[in-house]
Enquirer: 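This is the structure I have questions about; it appears just below.
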Protein chains: 2
Amino acid sequence: MNATIYDVAREAGVSMATVSRVMNGNPNVKPATRQKVLDAMERLEYRPNAVARGLASKKTTTVGVIIPDISRTFFAELARGIEDIASMYRYNIILSSSDQNEQKELDLFDTLLGKQVDGIVYMGGEITEKHIAAFKGSVPVVLAATIDKTNMLPSVNINYEEAVYEAISYFIKNGHQSIAFVNGRIEDPINKEKLLGYRRALNENGISFDEEKVIVGDYTYNSGMQALQTLIDKDKDNFPSAIFVSTDEMALGVIHCAQDNNYSVPNDIEVIGFDDTRLAEMVRPTLSTVVQPMYDIGAVSMRLLTKLMNKEKVEQQTVVLPHQIKYRHSTHER
Amino acid sequence: MNATIYDVAREAGVSMATVSRVMNGNPNVKPATRQKVLDAMERLEYRPNAVARGLASKKTTTVGVIIPDISRTFFAELARGIEDIASMYRYNIILSSSDQNEQKELDLFDTLLGKQVDGIVYMGGEITEKHIAAFKGSVPVVLAATIDKTNMLPSVNINYEEAVYEAISYFIKNGHQSIAFVNGRIEDPINKEKLLGYRRALNENGISFDEEKVIVGDYTYNSGMQALQTLIDKDKDNFPSAIFVSTDEMALGVIHCAQDNNYSVPNDIEVIGFDDTRLAEMVRPTLSTVVQPMYDIGAVSMRLLTKLMNKEKVEQQTVVLPHQIKYRHSTHER
DNA sequence: GTGAAAGCGCTAACAA
DNA sequence: TTGTTAGCGCTTTCAC
């Protein structure tokens with residue numbers, strides 16, 4: 001059996017309270033006493049029981065992380081950002097994948113609350129009434145790379161609408177008139193934002209919106225290939241000369257499908273992706289893409305959460321991180 | 001404040017013990033009583049406090065996962081396997097990255113024990129004396145994709161030596177005599193095994209081992225590119241006609257570096273990677289690679305851990321999963 | 001089939 | 001500066 005605080009107290013010839021004080025760095029302990037306790041701890045190989053501590057103090061120093069799928073590069077990098085900051089502030093992380101399934105998300109949330117986490121970082125798709133209801137009156141929750149249209153919840157994002165607007169504007173400036181868009185499911189508010197940016201750019205430049213040019217994929221490489229194939233099959237003559245793709249992984253699929261069909265990237269068709277995952281460097285031609293700082297989104301979310309858990313004042317609950325477009329070789333030099 | 005078991009007991013007009021019994025599915029409760037309790041729980045929106053429960057029962061239904069770096073595809077997929085099985089058995093997961101730093105690993109281990117996890121899945125590099133000492137007498141630990149040369153610890157792996165042996169043998173059978181090997185740091189026992197397989201294949205075929213042909217990378221795409229560049233710079237005439245690469249990500253680097261130098265894959269140089277991450281499909285030519293079932297390794301590890309935590313008899317503590325080689329287009333058709 | 005009561009290992013008043 | 005003493009919310013004997 002492991003030693004308890006009581007054993008240490010006896011060994012050191014002091015009371016439990018004193019032991020507790022030295023554990024928690026309470027300054028009201030005479031140095032000599034402190035040393036006695038420290039020695040006793042060492043001799044007994046004492047390791048504090050975080051569960052007992054959690055029960056007594058109502059703080060567990062663990063936070064929950066709800067994520068759609070940890071195996072996707074995008075989320076894995078985000079998770080690393082969360083984790084690094086968490087461990088910097090001595091929090092541990094309970095990580096669980098939701099597959100963006102609402103029921104699963106809600107159940108997970110409940111389980112995490114049962115485990116008495118001090119806060120939650122949430123990544124997901126649409127925030128519904130049920131989510132809001134669940135979040136309300138529980139622990140602090142911050143949304144990472146997740147949009148809540150009510151704008152009431154703390155969150156960390158980039159400006160998706162603007163980012164896509166810029167990418168499309170770049171295409172237009174370079175003379176493209178026929179620009180396709182491979183997006184994710186429109187149910188996800190982020191994809192809604194992206195579509196808005198696409199339409200605004202077209203609109204401001206007098207290019208009419210053509211529903212046929214918007215394809216929906218499921219974020220995978222294969223769905224990227226399929227998306228382009230669909231475009232090719234549709235209308236050989238009206239084939240787009242530029243394509244904006246909502247994720248890097250799909251963008252790779254688009255590029256390879258183009259090449260398989262003897263289209264040259266970027267000569268016949270320019271491509272811009274989204275995210276700037278490590279994948280962007282791993283294609284030929286290398287992928288021009290919107291840089292979404294995933295690691296930073298995770299890190300900033302977690303940092304924000306620590307403040308919230310600490311009841312510190314935060315000036316801005318909804319932070320929007322800067323983005324940029326990194327031009328590599330799937331677009332022409334400019 | 002949330003309702004406690006005491007509130008439920010009062011609301012239902014029974015004792016705490018009875019409430020506890022219905023929570024835990026104890027059959028010694030009259031159906032009518034059970035219903036009363038259930039109703040009371042519902043009315044009070046009762047949510048059991050897992051921390052209190054953990055303290056009283058000495059089981060937390062959470063397991064710790066120590067992983068080198070969650071942002072690497074390989075580990076992310078492994079983690080997903082762990083997670084799926086864990087949630088199937090109603091465990092939660094405390095996930096933390098160690099960067100393969102021994103001190104960090106040991107500290108993490110200690111923290112996890114402090115949090116009273118019921119078991120640990122461990123992924124890392126070399127298992128030292130210190131690791132063994134720490135593991136000993138604590139909670140059940142299973143190693144995933146991690147080799148312990150003493151072979152005393154429960155673990156789930158594939159046969160790395162054999163896998164590489166087969167890949168190199170394939171090259172030799174196809175007439176290659178000059179075969180390079182891009183490996184990871186030799187300090188990692190897995191890479192030691194791989195090197196052994198490489199040497200055995202050469203040896204059995206009377207090809208002499210040439211130290212110059214073994215390059216060490218750090219698993220990244222860039223280090224793959226560098227590795228090939230090193231080979232190219234070394235000796236244009238003695239350039240290998242086949243390369244085995246220890247991870248898919250490095251293999252992509254090798255392929256692209258080859259192409260950048262006007263070598264054709266697979267005509268001038270055949271390439272086989274290792275892992276079969278999603279990356280393997282995302283290159284041109286697509287990558288032939290050793291299939292290491294990462295998801296399964298994670299899933300099987302976690303399943304094994306549940307048995308250990310449950311004190312079930314397990315026939316085989318060290319499981320070796322089957323591997324295979326998937327031939328795609330970075331090697332010649334056969 | 002149900003209840004009373006003693007912990008689980010720690011924190012946090014409150015005293016001294 | 002230190003000790004005493006209630007809890008924290010639940011499980012688990014042991015009676016009845």
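Note that the structure is predicted; figures quoted are calculated from it, not measured. Naming: A, B, ... by sequence-line order, numbering from 1 per chain.
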Enquirer: Can you tell me the distance, in whole Å, between the CG atom of A/Leu113 and the P atom of D/dG9?
Expert: 15 Å
Enquirer: State whether A/Tyr46 places a side-chain N or O below 4.0 Å from either non-bridging phosphate oxygen (OP1 or OP2) of C/dC10.
Expert: yes
Enquirer: Can you tell me which nucleotide in C/dT2, D/dT2, C/dC10 comes closest to the side chain of B/Lys30?
Expert: C/dT2
Enquirer: What is the distance from atom OG of A/Ser98 to atom CG of A/Asp69, rounded to the nearest 0.5 Å?
Expert: 8.5 Å
Enquirer: Less than 4.0 angstrom from a charged side-chain N to a carboxylate O is my criterion; do B/Asp99 and A/Arg80 meet it?
Expert: yes
Enquirer: Using only side-chain N and O atoms of B/Asn24, determine if any of them is under 4.0 Å from OP1 or OP2 of D/dT11.
Expert: yes
Enquirer: Once you round it to whole Å, what is the distance between C1' of C/dC10 and CZ of A/Arg47?
Expert: 16 Å
Enquirer: What's B/Val51 touching, base or sugar-phosphate or nothing? Going by heavy atoms closer than 4.0 Å.
Expert: nothing
Enquirer: Whole angstrom is fine here: how far is it from NZ in B/Lys36 over to C1' in C/dT2?
Expert: 10 Å
Enquirer: The test is side chain to side chain donor-acceptor pair (under 3.5 Å); show your working for B/Tyr219 and B/Arg185 and say whether it passes.
Expert: CA-CA 9 Å; B/Tyr219 308 120; B/Arg185 291 170 39 242; 5.4 Å; no
Enquirer: Could you check whether any side-chain N or O of A/Asp188 sits under 3.5 Å from a backbone N or O of A/Ile190, counting only pairs where one atom can act as donor and the other as acceptor?
Expert: yes
Enquirer: In this structure, how many angstroms lie between the P atom of C/dG3 and the CZ atom of B/Arg10, rounded?
Expert: 15 Å
Enquirer: Quick one: does any side-chain atom of B/Thr146 pair with a main-chain N or O of B/Gly124 as donor and acceptor, under 3.5 Å?
Expert: yes
Enquirer: With a cut-off of less than 4.0 Å, is there a side-chain N or O of B/Arg53 near OP1 or OP2 of D/dG9?
Expert: no
Enquirer: Quick one: B/Asn2 CG to D/dG9 P, roughly how many Å, whole number?
Expert: 9 Å
Enquirer: Assign B/Val19 to base, sugar-phosphate, or nothing according to its heavy-atom contacts below 4.0 angstrom with the strands shown.
Expert: nothing
Enquirer: Round to the nearest Å and state the distance from B/Ile5 atom CD1 to C/dA5 atom P.
Expert: 16 Å
Enquirer: Nearest whole Å is fine: how far is C/dG7 P from A/Tyr6 OH?
Expert: 12 Å
Enquirer: Quick one: are B/Met23 and B/Arg53 in side-chain contact, heavy atoms under 4.5 Å?
Expert: yes
Enquirer: Which protein N or O atoms sit under 3.5 Å from an N or O of nucleotides 4-8 of chain D?
Expert:
| residue | atom | partner | partner atom | Å |
| --- | --- | --- | --- | --- |
| D/dC8 | O3' | A/Lys58 | NZ | 3.1 |
| D/dC8 | O2 | A/Ala56 | N | 3.3 |

Enquirer: CG/A/Leu304 to CD1/A/Ile85 distance, rounded to the nearest 0.5 angstrom?
Expert: 12.0 Å
Enquirer: Measure the distance from CG on B/Asn26 to P on D/dC10 and round it to the nearest whole Å.
Expert: 17 Å
